[in-house]
Amino acid sequence: MFRAAMLYLAVLALLLTGCNRGGGGASKSSNIRIAVIPKGTTHEFWKSVEAGAKKAGDEFNVQIIWKGPLKEDEKNQQIALVEQFVSDGVSGICLAPLDDTALLAPVKSAANKKIPVVIYDSALKGEVGKDFVSFVATNNRVGGSMAGEEMLRLLGANKKVVLLRYKEGSASTMEREAGFLEAIAKDPQIKVIEQNRFAGATMGEAQTAAMNMIDKLRDAGGIFCPNESSTMGMLLALQQNGLAKKVVSSVSMPRRRCWRRCGMARFSD
């Protein structure tokens with residue numbers, strides 16, 4: 001599973017850059033401590049990332065400290081966590097930044113304290129090799145483009161498309177959204193009838209956002225959602241209104257679960 005491998009590689013990158021070993025032997029309990037900070041801790045995606053971090057910790061005999069915000073809209077809490085781990089003097093930090101700008105200052109603070117930081121999953125507007133040691137992620141632009149190509153394949157006579165964005169400052173989903181729009185622009189007959197709505201950090205917020213544009217969803221031939229919570233909120237809104245639509249999504253949940261919970265929507269990942 002790639003998302004677990006992503007964190008495995010992030011931890012490996014920290015070790016290869018030479019985390020502060022604090023002297024002594026290779027004891028897990030007293031030597032290398034790596035803080036792993038996700039965007040949130042409730043989505044299934046992050047649970048699989050946690051599994052990858054723990055696997056790396058076991059294999060490389062280092063202590064993994066997994067701690068993150070509960071929801072993906074708690075930017076200030078994530079900033080506080082980075083500052084806390086810097087103050088605690090951990091050996092290294094793996095961070096999936098909730099905001100591509102706001103997290104730069106605390107990451108620079110870690111670098112000033114000689115604590116190496118690897119950015120994973122979502123980009124940070126800093127300089128690799130100076131502000132942080134490495135960036136490990138999927139190519140989200142390409143992922144969004146692949147979603148767009150799938151939309152082109154699925155659409156029939158109704159060429160109207162809705163994009164439910166995730167949230168401002170989330171570099172990974174912003175890249176997917178941009179890649180999607182670039183891909184569907186290849187067909188001049190496609191009309192994007194909504195692309196300025198934001199789902200928010202939770203499935204409930206996404207469902208509300210979808211319900212607030214239900215008339216456009218009725219009119220649409222296809223819908224794109226860039227992450228897990230936006231997808232599930234959209235599918236719940238479609239189910240609530242008895243709408244069967246072609247939904248293309250970047251989502252980590254097993255397809256069968258989406259069908260089971262929201263079987264009235266056409267789902268493609």
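Keep in mind it's a predicted model, so treat the numbers as computed, not measured.
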Could you check if a side-chain atom of V133 sits within less than 4.5 angstrom of a side-chain atom of P116, using non-hydrogen atoms only?
yes
Between the side chains of S170 and K39, is a donor N or O closer than 3.5 angstrom to an acceptor N or O?
yes
Under the ring pair (Phe, Tyr, Trp, His ring centres under 6.0 Å) definition, can you give me all pairs with a residue in residues 86-110, not counting sequence neighbours?
none
Minimum side-chain heavy-atom gap V86-I93 below 4.5 Å
yes
Which residues end up grouped with M146 if you chain together Ile, Leu, Val, Met, Phe, Trp and Tyr wherever their side-chain heavy atoms are less than 4.5 Å apart?
V142
Atom pair CD/OG of E177 and S230 - distance to nearest 0.5 Å:
8.0 Å
Residues in salt bridge (Lys or Arg N to Asp or Glu O under 4.0 Å) with E72, at least two apart?
none
Just do the side-chain contact (heavy atoms from CB on, under 4.5 Å) check on I32 and S91 with the steps written out, would you?
CA-CA 6 Å; I32 301 177; S91 307; 3.9 Å; yes
Tightest non-hydrogen contact, residues A201 and S229, listed as O-OG, 3.7 Å
Min side-chain heavy-atom separation R218-L243 under 4.5 Å:
yes
Assess whether a salt bridge exists between R153 and E150, defined as any Lys/Arg side-chain N lying under 4.0 Å from an Asp/Glu carboxylate O.
yes
Could you pull out all donor-acceptor pairs under 3.5 Å where a side-chain atom in residues 178-191 meets a protein atom, sequence neighbours excluded?
residue: E182; atom: OE2; partner: R141; partner atom: NE; Å: 3.3
residue: E182; atom: OE2; partner: R141; partner atom: NH2; Å: 2.4
residue: K186; atom: NZ; partner: E149; partner atom: OE2; Å: 2.4
residue: D187; atom: OD1; partner: Q189; partner atom: N; Å: 2.9
residue: D187; atom: OD2; partner: K159; partner atom: NZ; Å: 3.3

Pairwise ring pair (Phe, Tyr, Trp, His ring centres under 6.0 Å) hits with a residue in residues 70-114, at least two apart
none
Applying side-chain hydrogen bond (donor to acceptor under 3.5 Å, both in side chains) to E205 and not counting sequence neighbours gives none
What pairs meet the ring pair (Phe, Tyr, Trp, His ring centres under 6.0 Å) rule with one or both residues in residues 137-166, with sequence neighbours excluded?
none
Please walk me through it: do L95 and V82 pass side-chain contact (heavy atoms from CB on, under 4.5 Å)?
CA-CA 8 Å; L95 171 69; V82 176; 4.1 Å; yes
Residues pairing under salt bridge (Lys or Arg N to Asp or Glu O under 4.0 Å) where one sits in residues 81-93, two or more places apart or in two chains, turn out to be none
What ring pair (Phe, Tyr, Trp, His ring centres under 6.0 Å) pairs are there with at least one residue in residues 131-159, not counting sequence neighbours?
none
Would you check, one step at a time, whether the test side-chain contact (heavy atoms from CB on, under 4.5 Å) holds for R33 with I65?
CA-CA 7 Å; R33 297 182 301 137; I65 308 168; 4.2 Å; yes
Does the side chain of L235 come within less than 4.5 Å of M232's, by heavy atoms?
yes
Side-chain touch W66/V49, heavy atoms, less than 4.5 angstrom
yes
Under 3.5 Å, which donor-acceptor pairs do the side chains of residues 98-109 form with other protein atoms, sequence neighbours left out?
residue: D99; atom: OD1; partner: T101; partner atom: N; Å: 2.8
residue: D99; atom: OD1; partner: A102; partner atom: N; Å: 2.8

Heavy atoms of M211 and N241 approach each other most closely as SD-ND2, 3.2 Å
Are the side chains of L238 and I223 in contact, using a 4.5 Å heavy-atom criterion?
yes
Which distance, rounded to the nearest 0.5 Å, do you find between the CG of D121 and the OG1 of T138?
6.5 Å
Of all heavy-atom pairs linking A171 and S122, the shortest is N-OG, 3.2 Å
Same apolar cluster (I L V M F W Y, side chains within < 4.5 Å links), M174/L164
no
Side chains of Q240 and Q207 only: does a donor on one sit below 3.5 Å from an acceptor on the other?
yes
I need the minimum non-hydrogen distance between I115 and G92, along with the two atoms involved.
CG2-CA, 3.9 Å
Which value, rounded to the nearest 0.5 Å, describes the distance between L124 atom CG and I119 atom CD1?
5.0 Å
Taking the side chain as every heavy atom from C-beta outward, state whether Y120 and P38 have any pair of such atoms under 4.5 Å apart.
yes
Quick test of your reading of the model: are K47 and E50 salt-bridged, counting only N-O distances below 4.0 Å?
no
Spell out, yes or no, whether I214 and M203 are grouped together once hydrophobic residues are joined by side-chain heavy atoms under 4.5 Å, including indirect joins.
yes
Shortest non-hydrogen separation from A220 to V162 and the atoms involved
CB-CG2, 3.8 Å
How far does CG of N140 sit from OG of S145, to the nearest 0.5 angstrom?
12.0 Å
Minimal non-hydrogen separation, G68 against T41, with atom names:
O-CG2, 3.9 Å
Atom SG of C225 and atom CG of L163: how far apart are they, to the nearest 0.5 Å?
8.0 Å
Is there a path from I193 to M213 through hydrophobic residues (I, L, V, M, F, W, Y) whose side chains come within less than 4.5 Å of each other?
yes
Please report the interatomic distance CD(E194) to NZ(K216), rounded to the nearest 0.5 Å.
4.0 Å
Do the non-hydrogen side-chain atoms of I34 and C94 ever get within less than 4.5 Å of each other?
yes
How would you list, by chain and number, every residue that makes a salt bridge (Lys or Arg N to Asp or Glu O under 4.0 Å) with K167, sequence neighbours excluded?
none
Residues which pass side-chain hydrogen bond (donor to acceptor under 3.5 Å, both in side chains) with Q78, listed by chain and number, not counting sequence neighbours
none
